[in-house]
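Per chain, numbering begins at 1; letters A, B, ... match sequence-line order.
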Amino acid sequence: MPKEKTTKRAATKRTEKKKKDPNAPKRGLSAYMFFANEQRENVREENPGISFGQVGKVLGERWKALNDKQRAPYEAKAAQDKKRYEDEKASYNADAEEEESS
DNA sequence: TTGCTGATTGTTTCT
DNA sequence: AGAAACAATCAGCAA
């Protein structure tokens with residue numbers, strides 16, 4: 001069973017973004033990001049004139065409503081994006097090394 | 001070695 | 001421009 005880890009991040013906290021790394025190798029996106037990219041149009045189309053709160057909620061419900069197969073394409077994208085992140089990480093590592101080298 | 005936490009990602013809409 | 005619901009993530013650090 002999924003341990004409900006103490007995910008106690010007080011919202012808007014993420015917007016504070018405290019810089020901790022020199023070049024911060026921002027991670028890749030999430031499957032939801034790709035899913036939202038496609039569904040956002042569909043959801044908004046099915047719910048014309050709905051507020052952001054509703055869209056976001058219905059979006060999440062539909063996200064899980066999909067079968068693993070459906071999430072596959074999104075997860076695949078997430079995996080791909082993650083790769084992209086690897087590049088950032090490389091840059092970040094290279095830079096860090098450079099600094100250390102100096 | 002293991003596990004946690006924090007930081008981050010993108011969307012929408014609103015003021 | 002930033003804020004919040006929505007979900008995933010996953011990389012680095014500590015004991």
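OP1 or OP2 of C:dA8 lies within a sub-4.0 Å distance of a side-chain N or O belonging to A:Trp63.
One finds no salt bridge joining A:Asp81 and A:Arg84 here, because no Lys/Arg side-chain nitrogen approaches an Asp/Glu carboxylate oxygen to under 4.0 Å. Between A:Glu86 and A:Lys82 there is a salt bridge, since a side-chain N of the basic residue sits under 4.0 Å from a carboxylate O of the acidic one.
You'll find that the side chain of A:Met33 is closest to B:dG10, out of B:dG10, C:dA8, B:dT8. When distances are taken from the side chain of A:Leu29 to each of B:dT11, B:dT9, C:dC6, the shortest belongs to B:dT9. Of the candidate nucleotides C:dA5, B:dT11, B:dT8, C:dA5 has the atom nearest to the side chain of A:Lys57.
Atoms CD (A:Glu86) and P (C:dC10) sit 10 Å apart, rounded to a whole Å. Atom CZ of A:Phe34 and atom P of B:dT9 are 12 Å apart (whole Å). Atom CZ of A:Phe35 is separated from atom P of C:dA7 by 10 Å (rounded to the nearest Å). As rounded to whole Å, 12 Å separates atom P of C:dC6 from atom CD1 of A:Ile50. Rounded to a whole Å, the CG atom of A:Asn42 is 17 Å from the P atom of B:dT11.
Residue A:Leu59 is the one, among A:Leu59 and A:Arg27, whose nearest nucleotide of DNA chain C lies closer to the 5' end (criterion: closest heavy atom). Mapping A:Pro25 and A:Tyr32 onto DNA chain C by nearest heavy atom places A:Tyr32 closer to the 5' end of the strand.
Residue A:Glu46 holds its CD atom at 12.5 Å from CD of A:Glu41, rounded to the nearest 0.5 Å. Note that the CD atom of A:Glu38 and the CG atom of A:Asn42 stand 10.0 Å from one another [nearest 0.5 Å].
Within 4.0 Å (heavy atoms only), A:Tyr85 reaches sugar-phosphate atoms of the nucleic acid but no base atom.
Under the 4.5 Å side-chain heavy-atom criterion for ILVMFWY residues, no single connected hydrophobic cluster contains both A:Tyr32 and A:Tyr85.
Proximity of residues 68-84 of chain A to DNA chain C (heavy atom under 4.0 angstrom from any strand atom) is restricted to A:Lys82.
Checked against a 6.0 Å centroid threshold, the rings of A:Phe34 and A:Tyr74 do not count as neighbours.
Between the side chains of A:Glu88 and A:Ser91, not a single donor N or O lies within less than 3.5 Å of an accepting N or O.
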